[in-house]
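For reference, the structure I am asking about is given below.
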Amino acid sequence: MEISQQCVVALTWTLKDTLGEVLDVLDESVEFLVGGQDLLPVIEEALQGHSAGETVQLQIEPEQAFGDFNDQLIFLEPRNLFPPELQEGLTMEGHALPAGCNPDAPKDALYTVTDIYPEHVVLDANHPLAGIAIRITMKVEGVREATEEEIGRGSAGTGFFRIQPFHAETPGNDTLH
């Protein structure tokens with residue numbers, strides 16, 4: 001079966017920056033709905049017409065993926081507003097920021113703690129891949145028809161590089177999928 005709209009594709013991939021540094025490796029296949037909300041449009045377009053066993057290589061510019069880095073999405077917040085166990089790399093949803101944080105910080109954003117200093121914490125609401133051109137080598141591990149439920153939901157249950165928030169009691173995870 002060839003990849004087309006409204007099908008589910010199982011992928012593995014290696015993601016690198018333009019200097020060849022590996023950013024992410026997905027070595028166990030994950031299913032994505034083509035024609036839904038799981039994949040970036042540029043990736044869906046590149047996959048069209050391919051079948052299981054094929055490899056697709058693609059360079060994706062920031063404007064086709066996660067946008068340019070926006071320094072307006074960096075916030076310095078007082079360290080005393082956060083628990084002592086706060087760690088760099090932890091992510092939190094904007095609506096869960098402690099009381100007293102900058103009221104201009106978007107509530108619908110996902111923040112990463114990038115630096116912790118004695119007096120303040122640096123929160124970054126940019127996607128970790130914002131401003132980076134990426135090279136992705138994908139292997140199509142399988143293709144199948146999407147179920148009505150997947151089509152209705154617009155997803156096979158996963159999103160492309162969707163960063164999930166962690167809870168303070170859960171150890172961090174530096175993967176992007």
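Just so you know, these numbers come straight off a predicted model, no measurement behind them.
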Residues that Pro106 engages under side chain to side chain contact (heavy atoms under 4.5 Å, CB included), provided they are two or more places apart: Leu73, Phe75, Asp108, Ala109, Tyr111
statement: Heavy-atom closest pair (Pro128 atom, Ile132 atom, distance to 0.1 Å) is O-CD1, 4.0 Å
message: Rounded to the nearest 0.5 Å, what separates atom CD1 in Ile116 from atom CD in Gln87?
response: 7.5 Å
- request: For Ala46 and Val56, work out which heavy atoms get closest and say how close.
  value: O-CG1, 3.9 Å
- request: For the residue pair Phe66 and Ile60, establish whether any side-chain heavy-atom pair is separated by less than 4.5 Å.
  value: no
message: Tell me the closest heavy-atom pair linking Arg79 and Val121, and the distance in Å.
response: CD-CG2, 3.5 Å
task: Measure the CG-CG distance between Asp115 and Leu123 for me, rounded to the nearest 0.5 Å.
output: 10.0 Å
query: Do Leu11 and Leu47 touch side chain to side chain, with heavy atoms closer than 4.5 Å?
result: yes
query: With a cut-off of 6.0 Å (strictly less than), are more than 12 heavy atoms of other residues, nucleotides or ligands near CD of Gln6?
result: yes
- prompt: Quick one: are Leu15 and Leu129 in side-chain contact, heavy atoms under 4.5 Å?
  reply: yes
statement: Using a 4.5 Å side-chain heavy-atom cut-off and chaining through intermediate ILVMFWY residues, the residues clustered with Tyr117 come out as Phe69, Ile74, Leu76, Val122
Considering all heavy atoms, the nearest Leu40-Ala65 contact: CD1-CB, 3.8 Å
query: Who pairs with Leu81 by side chain to side chain contact (heavy atoms under 4.5 Å, CB included), at least two apart in sequence or on another chain?
result: Pro78, Pro98, Cys101
message: Run the salt bridge (Lys or Arg N to Asp or Glu O under 4.0 Å) test against Arg153 and tell me which residues pass, sequence neighbours left out.
response: Glu149
query: Is the number of heavy atoms from other residues, nucleotides or ligands within 6.0 Å of CD (Glu148) greater than 12?
result: no
Path from Val143 to Ile151 over hydrophobic side-chain contacts below 4.5 Å: no
message: I'd like to check the salt bridge (Lys or Arg N to Asp or Glu O under 4.0 Å) partners of Glu150; sequence neighbours left out, ordered by chain and number.
response: Arg144
query: Are the side chain of Asn126 and the backbone N or O of Asn70 linked by a donor-acceptor pair below 3.5 Å?
result: yes
field: Glu44: side chain to side chain contact (heavy atoms under 4.5 Å, CB included) partners, not counting sequence neighbours
entry: Gln5, Val34, Leu39
message: If I take atom CG from residue Asp24 and atom NZ from residue Lys16, how far apart are they, to the nearest 0.5 angstrom?
response: 12.5 Å
query: Can you pull the side-chain hydrogen bond (donor to acceptor under 3.5 Å, both in side chains) pairs that have at least one residue in residues 51-60, sequence neighbours excluded?
result: His50-Glu54, Gln59-Glu61, Gln59-Arg135
Heavy-atom side-chain proximity of Phe82 to Val113 below 4.5 angstrom: no
- line: Nearest heavy-atom approach of Leu33 to Ser155 is CD2-N, 3.4 Å
- line: Across all chains, not counting sequence neighbours, the side chain to side chain donor-acceptor pair (under 3.5 Å) partners of Thr12 are Glu141
